[in-house]
> 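First the structure, then my questions, so here it is.
Just so we're clear, the structure is a prediction, and the values are computed from it rather than from any experiment. Every chain is numbered from 1, with letters handed out A, B, ... down the list of sequences.
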Protein chains: 2
Amino acid sequence: MNVSPSADFNECGSASAKALAAKLAALSHPARIEILKHLSGNRACCCKDVVQQLDLAQSTVSQHLKVLVEAGLVRFSAERQRSLYEIDREALAGISASVAGLVDTCCSSRPT
Amino acid sequence: MNVSPSADFNECGSASAKALAAKLAALSHPARIEILKHLSGNRACCCKDVVQQLDLAQSTVSQHLKVLVEAGLVRFSAERQRSLYEIDREALAGISASVAGLVDTCCSSRPT
DNA sequence: AACGTTCATCGTATATCGACGATAGACGAT
DNA sequence: ATCGTCTATCGTCGATATACGATGAACGTT
């Protein structure tokens, strides 16, 4: 799955770029950023919790949570009636590292 | 324009979230990530340069470049016929720092 | 002057996003 | 069994994103 770092330069393109873009897309919405912040302050939140914080319809929040889960940034587990959402700090850290890597690539490969 | 870093914690919410989301949105497209990588390898590129790398129509590339410029990730300067696009490494680094800050916030505020 | 090059913009078509209300399923409480 | 709560999903709607070709402006070259 992980190719060597140098291969990333050969195929700079679609593979890694697509993957990173997909994760950043999940992050690129204010409501989802706020959801992550809220989740980070609690061990696990149910959907209603988040709804009360955000002033958005329950269905909308549910969709945002789904996006975050599908992007791998939030873990999901079904309680009885509730659904528990828990932030995935490792995945978050992974994105941070990926962005830092991209920036590093862009800054280190200065032409002259 | 730049509030103090601690103010970011007070008003974690919409303002900074929106700003970060907007910049991440500019980054969340594979073509734009590849454009940034390409720009990083050259002092400045004209639109046609990028077109030849990307296998996209010239108008499409022009639009992607416009998105990057409007997000502040790329600087624009008009040559004679050409348009020169240059990566803004500081802005890139700023985004990286913002993402790292968000992740830090999410990881440091563990409930227990 | 006529032509080629480079680029931004316009118009268009399609797809996806973001938000909502309505609804149905699952579950606990009465 | 009935009611209330919590949630996911469906359908819908408007807005936005993405891609393209066509076009015209600006400029250099012949």
> Would you mind reading off the distance between B:K48 atom NZ and C:dG4 atom P, rounded to a whole angstrom?
15 Å

> With rounding to the nearest 0.5 Å, note down the distance linking CD in B:E79 to OH in B:Y85.
12.5 Å

> Does any non-hydrogen side-chain atom of B:D49 lie less than 4.5 Å from one of B:N42?
no

> Is there a side-chain contact between B:L20 and B:S16, using heavy atoms and a 4.5 Å cut-off?
no

> Quick one, A:I95 and B:V103 - any side-chain contact, counting heavy atoms below 4.5 Å?
no

> Strictly distance-based, threshold 3.5 Å: is any side-chain N or O of A:S62 a donor or acceptor partner for the main-chain N or O of A:Q58?
no

> Within a reach of under 6.0 Å around CZ of A:R82, are more than 12 heavy atoms found that belong to other residues, nucleotides or ligands?
no

> What's the separation between atom CG in B:L65 and atom CG in B:L73, rounded to the nearest 0.5 Å?
11.5 Å

> At 10 degrees resolution, what angle do the end axes of the helix from C:dA1-D:dT30 to C:dT30-D:dA1 form when each is taken over five base pairs?
10°

> What is the per-nucleotide protein-contact pattern of nucleotides 16-21 of chain C, from the 5' end, where B denotes a base atom under 4.0 Å from a protein heavy atom, S denotes such proximity for sugar-phosphate atoms only, and - denotes neither?
--SBBB

> In residues 70-84 of chain A, what residues come within less than 4.0 Å of DNA chain C, judged by heavy atoms?
A:R80, A:Q81

> Between B:S98 and B:G94, is there a donor-acceptor pair closer than 3.5 Å when you use the side chain of the first and the backbone of the second?
yes

> Using only atom types and a distance under 3.5 Å, with no angle test, would you say the side chain of A:R32 pairs donor to acceptor with the backbone of A:L68?
no

> Within a strict 4.5 Å, meaning less than it, do heavy atoms of the B:L24 and A:V99 side chains meet?
no

